[in-house]
Amino acid sequence: MDHIVIDRITKSFGAFRALDDVFIRIAKGAIHAILGENGAGKTTLMNILYGLYKPDEGQILLNGRPLRMSSPADAISHGIGMIHQHFMLVNSLTVTENVVLGLEGGLRGVDYAAHEKRIRELAKSVGFDIEPAAEVWTLPMGMRQRVEILKALYRKADVLILDEPTSVLAPSEIGSFLESLKTLRAKNHTILFITHKLEEVMHVADRVTVMRHGKVTDEVDAAETTPRELAQRMVGRDVIMNLKRVKSAPGEVILKAEKLVATDDRGVRALDALSFELRAGEVFGITGVDGNGQRELSEVIAGLRPLDSGHIMASGRDIGPLDVKRRKDEAGIGFVPEDRQHTGLVLDYPVATNFILRDYDRQPASRHGLLDFKYMARNAADLVKRYDVRLRSPQQPVRFLSGGNQQKVILAREIEAKPKILVIMQACKGLDVGAIEFVQNTIFELKASGVGVLYISTELEHVLDIADRIGVMYRGRITGTLLPQEATSERLGELMAGVASEVV
Amino acid sequence: MLDWMILGDVLRTSLRLMVPIAFAALGGVICERSGVYNVGIEGMMLSGAFGAALGTFLTGSPVAGVMVGILLGAFGGAILAVLSIRLNVNQIVAGIAINLVALGLTAFLARLIFGLDATTKTLAGFTAWAIPGLSAIPFVGPIFFNQDPLVYVLYLLVPFLHWLLYRSAFGLEIRATGENPGAADSAGVPVYRVRFLCTVISGGLAGLGGAYIVVSQVFVFTEHMSAGKGFIALAAIILGRWDPVSTLLASWFFGFCDALQMNLQFANPSVPYQIFTALPYVASILALVGLYGRVKPPAATGLPYRRESKT
């Protein structure tokens, strides 16, 4: 019998139809993947299942009975647990406190010891190695996600909805996460797995529903399909899965890092005498396990983090004394940060304003200290078109754009400034296939035009696709530099784990 | 030279001067832990002082006065709660508005009710009450255990608030709401209700602090008698890192500065007294400057919470 039936649900926001007559049947004790590009309506659907939105038409059947929900609390009481893409955890509280939060209320003491014991047992039964007394901020992302799952299980959820669960995980964490889904399935939990990553779907899902533009385009058994077929259904056209690298002759050294030393936010050394060279017309990829100094490297180059020692030379000039603005204007450094929502954009500003964040104080964006709104509108319309940003209006706050479209806004702004050097971090994280293709093509165009691109990413397959040389970071150093053809998984694994290499 | 007797005297006085600041600051801890800045503490204290005078004036009982004081303070808290939580008025602006309204309204009502010669009429109040046994301990006893009843209330309040914040279900809700209201909401915590309650509690405690000044210290109501103690309480909250026990100690530090300045004032009549009265305020500025960048308020304090749900 079907555990859940999503029975012909339609949902509109204004004139925009986010879900159009969606019908999905989900079997009990199965892993059911919902696959689609950003903006296909997956998240809207999940928010309806979780009681956050009310559908305009249609209903949800749980065990054959229609479900009436007006809040997440109702969903929880029906055994539906949601693991959001951005974790709903209070970082300053312990694991136990987070799990217990909301279960009891009022002026009564909480028996934390008893809860802690039960949580420890529950974690053990599903194979999670978690210390309930740890404060959440001390845990790596993969652990935090397990805390979210424990929260749902502790509330006796038998349906788990996971929204893009792997997008926040380090590559090394994904494998064990997928295994834990299988453990949960073995315990007869029904799992709804929202994603746009084909390989993960192929790896764990029993059944796959593909969505596009708010409609279900296909529903198949995972065993009876191929990644290529799914990708086609998702984007509605053929995707070039392995891009052909564009050849270009590297020019002179345009960015040179010499023995960079810097500390992270906690005061721990994050860059440890790191050196590299980047040439014009070259894409230098930097990869490694998350948290080995990649973010700090991108920040010291952009000018957001002070160097303790070392030099950064851009076209032969030491840019150490320059601030962010002068690095952009005088050294030609463009920056696409890792945290696009907080560092890259002002979320509550309109898209058009976000486009001129870097050039607001000069012509043509402003004149004599006054903004030129006509220019801003013209500029926005032009960039939206050229960079294929999907939105309702350029006056819309950028907050309401999907992740891929937010990334396009940042890329457009940074590339239109005609940089000589582009530092781009986690460019494809959380993006769908179509957006990734767009980003990669954009980088190839930049490279062909002689821009040096420093491409920092933990997503190995993207780095391999795009980089001319690949540096691997481990504990603040580059442990080795490889050409793509040398980059076997064995060799990369060694470097990522810090096994020293001969100088290339 | 401070000899032991003078030190004992300063400490005893410091404790009494600490009380209004401590009540207000402890309430502020609860409020800010839930995510609402209570800049209106000063006005709520003043309302509490006025309420205490009014209640005592009408009934002749300081206990009734304290009750009215707490009620008026809590009413101020409720106004802040409605403005900032319901109507999404900026918390700081709403707090300042409450301070200004309280200042004007209490002065006006005081003249109306107590008359122009209000300051000459002394109200009934509390006197020191030595706890048998404990007050006999040498040196420490007279300082801590020969005080008026509201000081003992404070002694009991601190461990209770510690329990409330760290051991009770409501405390867990408070801490979660102040750090990440979105997460608390998705876990089923009634974010708005928690914040509302905490703001009202904060107002009530600030009112109690104000009431103390009237019924235990000066026994009259005068215009703007809170005299910036509410703002010192705000500093004590930061110095106390949003923790009840530490905030009590921070309040005591400010009380001690105040007691010290009084002592210095009497000992040095030739120096202009304004230099000494400024001491607690200077101390609060120095304490905050010293802590700058090293203490972090609850992450969501000051930010209005709005559910992102669109229906």
Side-chain angles (χ1 to χ4, degrees), chain A residues 11-14 16 18 43-44 47-48 50-56 69-77 81-84 86-94 96-113 115 135-137 144 147-148 151-152 154-155 399-400, chain B residues 30 32-35 88 157 159-198 200-201 241-243 293-301 303-311:
Chain A
K11 173 79 186 170
S12 302
F13 298 112
F16 175 66
T43 303
T44 307
N47 283 333
I48 286 175
Y50 194 54
L52 278 171
Y53 297 164
K54 277 198 185 73
D56 299 337
M69 295 188 294
S70 58
S71 77
D74 294 340
I76 295 166
S77 70
M82 174 123 174
I83 286 78
H84 295 269
H86 304 289
F87 299 149
M88 291 293 182
L89 294 173
V90 184
N91 290 338
S92 62
L93 300 183
T94 66
T96 304
E97 286 174 327
N98 266 288
V99 171
V100 174
L101 179 65
L103 283 179
E104 301 173 39
L107 213 55
R108 270 171 317 194
V110 178
D111 188 351
Y112 285 112
H115 280 297
E135 287 181 5
V136 165
W137 64 270
R144 293 187 198 185
V147 177
E148 281 281 22
K151 244 167 87 179
Y154 202 68
R155 287 163 168 73
R399 177 186 295 279
F400 298 117
Chain B
I30 299 299
E32 295 193 8
R33 271 296 181 102
S34 80
N88 271 316
L157 183 67
F160 171 72
L161 288 183
H162 182 85
W163 174 86
L164 178 82
L165 260 188
Y166 299 112
R167 305 304 307 176
S168 81
F170 184 53
L172 180 59
E173 294 184 336
I174 294 172
R175 286 182 290 146
T177 301
E179 282 287 338
N180 189 343
D185 194 16
S186 84
V189 175
V191 172
Y192 298 105
R193 200 191 310 159
V194 169
R195 288 190 166 180
F196 202 100
L197 268 172
C198 288
V200 170
I201 290 170
R241 297 162 188 230
W242 295 269
D243 171 76
R294 279 191 287 145
V295 292
K296 246 176 67 191
T301 300
L303 305 175
Y305 176 61
R306 264 197 230 209
R307 247 192 205 176
E308 280 186 40
S309 140
K310 314 163 230 176
T311 42

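Each chain gets a letter, A, B and so on, in the order its sequence line appears, and its residues count up from 1. All values derive from a computational prediction rather than experimental measurement.
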TODO: Tell me whether the centres of the aromatic rings in A/F400 and A/F13 are closer together than 6.0 Å.
DONE: no
Open item on the list: If I measure from the heavy atoms of chain B, does A/L107 come under 4.5 Å with its side chain, its backbone, both, or neither?
Closed with: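 Both backbone and side chain.
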Task: chain B contact via A/L93 - which portion, at a heavy-atom distance below 4.5 Å - done: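 Just the side chain, heavy atoms under 4.5 Å.
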Task: Partner of A/V147 by side chain to side chain contact (heavy atoms under 4.5 Å, CB included), out of A/L89, A/T96, A/T94 - done: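 Among A/L89, A/T96, A/T94, the one meeting side chain to side chain contact (heavy atoms under 4.5 Å, CB included) with A/V147 is A/L89.
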Task: Worked verdict on A/Y112 versus B/L172 for side chain to side chain contact (heavy atoms under 4.5 Å, CB included) - done: CA-CA 11 Å; A/Y112 285 112; B/L172 180 59; 3.7 Å; yes
Open item on the list: As an exercise, state the distance from NE2 of B/H162 to CG of B/D243, rounded to the nearest 0.5 Å.
Closed with: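 Answer for the NE2-CG pair, B/H162 versus B/D243, is 7.0 Å.
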TODO: Look at A/E104, A/H84, A/M82, A/H86 and state which one has the largest set of heavy-atom pairs under 4.5 Å with chain B.
DONE: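 If we count pairs closer than 4.5 Å to chain B, A/E104 comes out on top.
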